[in-house]
Enquirer: 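Shown below is the structure under consideration.
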Amino acid sequence: MTTTAPRDEQLWSRCDGCASLLYRKRLRRNLDVCPECGSHARLDAPDRVAQLADPDSFTPLPDRAVRVDPIEFVDALPYPHRLGAARAATGLDEAVLCGTARVGGHPVALAVMDFRFLGGSLGCAVGELITRTAERALADDVPLVLVTASGGARMQEGALSLMQMATVSQALAGMREAGLLTVSVVTDPTYGGVAASFATNTDLVLAESGARLGFAGPRVIRQVTGATLPEGFQTAEYLLRHGQVDMVVPRHALRGRLAALLAAAHSGRRAPVGAPAPRPAPAVSTVAAAPDRDPWETVRTARHPGRPTTLDYLETAFDGFVELHGDRLGADCPAVVGGIARLDGRPVMVIGHQKGHTTAELVTRNFGMASPAGHRKALRLMRLAARLRLPVVTLVDTPGADPGVTAEQQGQAAAIAENILALTVLPTPVVAVVTGEGGSGGALALAVADRVLMLEHAVYSVISPEGCAAILWPDSSAAPQAARALRLTGADLCHLGVVDELVPEPRPAAHADPAGAAELLRRAVAANLAPLLTVPPATLVRRRRQRFRRFGAARSATAGPAATARAAERPEVA
C-alpha cells in the first residue's frame with residue numbers, strides 16, 4: 001500500500017494492487033489487506049507478531065544482535081553506516097525479531113523477518129538470532145515458526161552471509177531429529193538464500209496469499225534467459241500448483257491455521273506412539289460377502305461413481321482435516337490427497353487416492369491414478385507423521401498408478417518402490433483401508449500397513465480384470481471370467497491372509513448411504529488403530545515386516561490359503 005502522509009499522520013492509503021484510496025483505520029482493521037482487491041500489504045515484524053501471537057504472549061529473546069562488519073565492505077557508504085540507518089528507521093536491532101510466544105494457546109519459538117531492514121537480508125547476526133531461536137525451541141521442546149521476508153543473503157558480509165544458510169539449516173536438522181515441528185510462513189517477498197534454506201526446508205511451508213518465493217528474482221531470470229515468464233510466476237498460488245508449498249492462506253486465516261497444525265503436533269508429543277489410546281473404539285465385526293455375489297458385480301460396485309471418495313470420508317469420518325500439498329519437486333498430484341485430521345479426538349495423518357463423482361472431477365483427478373509426484377507427496381507426509389509421532393491412515397481407491405509416458409519419465413517405478421520401502425520401516429502405526437479399487441502397485445504404495453482393511457464391496461488385485469483378460473484370454477470381453485479367477489474380493493483376500501478385516505457397508509452398498517458407510521469406516525479404523533498405539537515403534541516395524549514375510553513362496557506353498565490366513569491372525573510376541 002502507498003500512503004499519503006507520514007505514519008503518525010496517515011489517514012488514507014492507496015492500494016498498490018488496484019489503486020483504490022482506502023481509509024487507513026479501515027485498512028488496519030482488515031489486517032492491511034485491501035478490502036477491494038484482496039492485495040496483502042507488507043507488514044513489519046512487530047505488526048506480524050501482534051497478528052500471529054496470542055495477546056501479551058510474546059517475549060523477546062534476551063539475545064541482542066551483535067554489530068558485525070566482517071569484510072569491511074564499502075560501496076557508496078560504509079556498511080556500518082547502512083546498519084545504523086536501518087536501525088534508526090525501523091527501531092529494530094536487525095532484520096529479524098525473535099522470541100517465544102503462544103499461538104492458539106500452544107507455545108512456540110518465533111522468528112519474524114522484517115523487509116524494511118536492508119531488504120530482510122540474511123547476514124551473520126540474522127543467522128545467529130534465528131539459530132538461537134531454534135536452539136531455544138529445542139531446549140523448550142516446542143515447535144519453531146519462522147516468518148520469512150527477504151531479498152536473500154546480505155552482500156555486504158560476503159561469503160559469511162552465505163554460510164548462514166547452512167548455519168540455520170543445521171539448527172533445523174536438530175529440530176527434525178528431535179521430532180519437533182518446524183513451520184515457515186512465507187510472506188512477500190522471499191528470495192535468494194532465505195528461500196533456498198530455512199524458508200523451504202521446514203516440515204511445513206505455508207504461504208500468505210500473494211506472496212512471492214523463488215531463488216532468482218524475475219528480473220534476473222528475464223535478463224539471463226530472455227524468457228517471457230508465465231502469468232503469476234513465483235506467486236504463492238503458482239507455487240501451490242507446482243508442489244512447492246503445503247497451502248496458501250489469506251492473512252486473516254493464518255493464525256487459526258497455524259493453531260490447528262500446532263495442536264496436532266502438540267497432541268502427537270503428548271500422546272506418543274506406545275501410549276494408551278484415549279478411549280477404546282467399539283469393535284467392528286468382520287463380515288463375509290454374500291456367497292452368491294459374482295466377483296464381477298463387486299468390481300462394478302467398487303467403481304460406482306457415487307461411491308464415497310477419500311475427501312468424502314475426510315469430511316464425515318474424520319474431523320478438522322487440514323490438507324497439505326506438494327512433493328517439493330515441482331508438482332502437486334491431484335490424484336493423492338493428504339493432511340492432518342482427527343479421529344475420535346486423536347490427530348492422525350490421512351493419505352488417500354482421490355477419484356471424484358463426475359466426469360470432470362474424474363478427469364481432473366486422473367481417475368485416482370497417482371503420478372510419481374503423488375507418491376512422493378504421500379512419502380513426504382508419511383515421514384512427517386513419523387517425526388511428529390502421528391499414526392497414519394491410508395485410504396486406497398485407484399485402478400493403478402498413472403501409466404503415462406510422463407509418469408515413466410519422472411520415475412514412476414522408483415517412486416512406488418520408495419513408498420513401499422518407507423512404509424516397511426515407518427516407526428508409527430499404519431492402518432490401510434481399501435475403500436474402492438485396489439489396483440496393483442499403485443494401491444500397494446499406500447497399503448503396506450500394520451492392519452489392512454477392505455470395505456465389503458471393494459476389490460484388491462495385481463491387475464484389473466480387463467487387463468488380465470487382454471493378456472491371458474482372447475480379448476478383454478473375458479473380464480468377468482478374469483475377475484472370478486483373480487480372487488480379488490474381500491472374502492477371498494481375508495481367506496488368503498492379505499486382508500485382516502472386512503468392513504461392512506450399508507445395503508446395498510456404500511454409495512446408497514455415504515454417511516452410514518463413513519460411520520462404519522470410522523469405527524473400523526478406530527478399533528484397529530487403538531491396540532497399535534500401545535506397541536513400541538521397534539516392535540511395530542518388526543511385526544509389520546513379519547506380516548509381509550508370510551507371503552513368501554516357501555510358506556505359501558506348504559501352508560495353503562487357509563493356513564496362511566490362520567498364521568496372519570496369530571498375535572506376535574512383543
Side-chain angles (χ1 to χ4, degrees), residues 227 230 238-246 299 302-303 309-310 324-338 351-356 359-384 392 394-426 432 434-449 458-473 475-476 479 482-483 486 488 498 548 551:
Y238 180 93
L239 295 166
L240 181 69
R241 293 194 301 272
H242 289 82
Q244 303 299 302
V245 300
D246 282 286
V299 170
R303 296 171 175 172
T309 67
T310 291
L324 305 175
H325 292 268
D327 68 345
R328 294 290 186 277
L329 295 175
D332 181 39
C333 175
V336 173
V337 297
I351 307 165
H353 301 103
Q354 177 63 22
K355 287 183 175 178
T359 299
E361 289 173 340
L362 288 165
V363 171
T364 298
R365 299 285 183 174
N366 198 29
F367 298 86
M369 295 186 295
S371 67
H375 292 122
R376 289 170 184 141
K377 173 166 66 173
L379 178 65
R380 184 173 71 85
L381 299 185
M382 293 169 193
R383 288 174 171 166
L384 175 60
V392 173
T394 64
L395 304 179
V396 177
D397 186 13
T398 180
D402 185 347
V405 173
T406 300
E408 291 299 315
Q409 291 172 336
Q410 294 174 351
Q412 182 69 285
I416 293 171
E418 186 64 24
N419 277 31
I420 293 171
L421 183 62
L423 281 170
T424 299
V425 297
L426 201 71
V434 182
T435 61
E437 288 185 277
S440 192
L444 186 63
L446 293 186
V448 178
V459 293
Y460 191 11
S461 177
V462 66
I463 193 171
S464 70
E466 294 90 341
C468 179
I471 295 170
L472 299 180
W473 273 265
D475 56 61
S476 59
L486 284 167
L488 45 64
V498 172
F548 286 88
F551 302 129

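Treat the numbers as computed from the prediction; the structure is a model and nothing was measured. We're numbering straight along the sequence, starting at 1. All values below come from the heavy atoms of this structure, side chains included, with hydrogens, waters and symmetry mates left out.
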Enquirer: Check A447 against V396 and note the closest heavy-atom contact, atom names and distance.
Expert: CB-CG2, 4.3 Å

Enquirer: Report the distance from atom CE of M382 to atom CD1 of I351, rounding to the nearest 0.5 Å.
Expert: 4.5 Å

Enquirer: Using a distance-only test with no angle check, is there a side-chain donor-acceptor pair under 3.5 angstrom linking D332 and H325?
Expert: yes

Enquirer: Sequence neighbours left out, what passes side-chain hydrogen bond (donor to acceptor under 3.5 Å, both in side chains) with H353? Give chain and number order.
Expert: none

Enquirer: Show your reasoning for whether side chain to side chain contact (heavy atoms under 4.5 Å, CB included) applies to V459 and L486.
Expert: CA-CA 10 Å; V459 293; L486 284 167; over 6 Å; no

Enquirer: Partners of R241 by salt bridge (charged side-chain N to carboxylate O under 4.0 Å, His left out), sequence neighbours excluded?
Expert: none

Enquirer: Less than 4.5 Å apart, side chain to side chain, heavy atoms only: is that true for I471 and I463?
Expert: yes

Enquirer: Could you tell me whether the side chain of D327 and the main chain of G330 form a donor-acceptor pair under 3.5 Å?
Expert: yes

Enquirer: So how far is it from L444 CG to F548 CZ, rounded to the nearest 0.5 Å?
Expert: 6.5 Å

Enquirer: Please list, chain by chain and in numerical order, all residues satisfying salt bridge (charged side-chain N to carboxylate O under 4.0 Å, His left out) with R380, sequence neighbours excluded.
Expert: D246

Enquirer: Side chain to side chain contact (heavy atoms under 4.5 Å, CB included) for L488 and E437? Distances and angles first, verdict last.
Expert: CA-CA 10 Å; L488 45 64; E437 288 185 277; over 6 Å; no

Enquirer: Indicate the atoms forming the closest heavy-atom contact of P372 with A407, along with that distance.
Expert: CG-O, 3.4 Å

Enquirer: Please examine the side chains of E466 and P399, heavy atoms only from C-beta on, and report whether any two atoms are closer than 4.5 Å.
Expert: no

Enquirer: Can you see which heavy atom on H375 is nearest to which on A415, and at what distance?
Expert: CB-CB, 4.0 Å

Enquirer: Is a donor on one side and an acceptor on the other found under 3.5 Å between the side chain of S440 and the backbone of V462?
Expert: yes

Enquirer: Tell me, with the steps shown, if Y460 and V498 meet side chain to side chain contact (heavy atoms under 4.5 Å, CB included).
Expert: CA-CA 10 Å; Y460 191 11; V498 172; 4.1 Å; yes

Enquirer: What's the separation between atom CG in L446 and atom CG in L379, rounded to the nearest 0.5 Å?
Expert: 10.5 Å

Enquirer: Kindly give the heavy-atom pair with the smallest separation between T398 and G368, and that separation in Å.
Expert: OG1-O, 2.7 Å

Enquirer: Could you check whether any side-chain N or O of K355 sits under 3.5 Å from a backbone N or O of D397, counting only pairs where one atom can act as donor and the other as acceptor?
Expert: no

Enquirer: Would you tell me whether T309 and Q354 have side-chain atoms, one donor and one acceptor, within less than 3.5 Å of each other?
Expert: yes

Enquirer: Where the side chain of T394 meets the backbone of G352, is there a donor-acceptor pair that is under 3.5 Å apart?
Expert: no

Enquirer: To the nearest 0.5 Å, how far apart are CZ in R365 and SG in C333?
Expert: 9.0 Å

Enquirer: Can you see which heavy atom on Q412 is nearest to which on D402, and at what distance?
Expert: NE2-O, 3.1 Å

Enquirer: Please report the shortest heavy-atom distance between I420 and T424, naming the atom on each side.
Expert: O-OG1, 2.7 Å

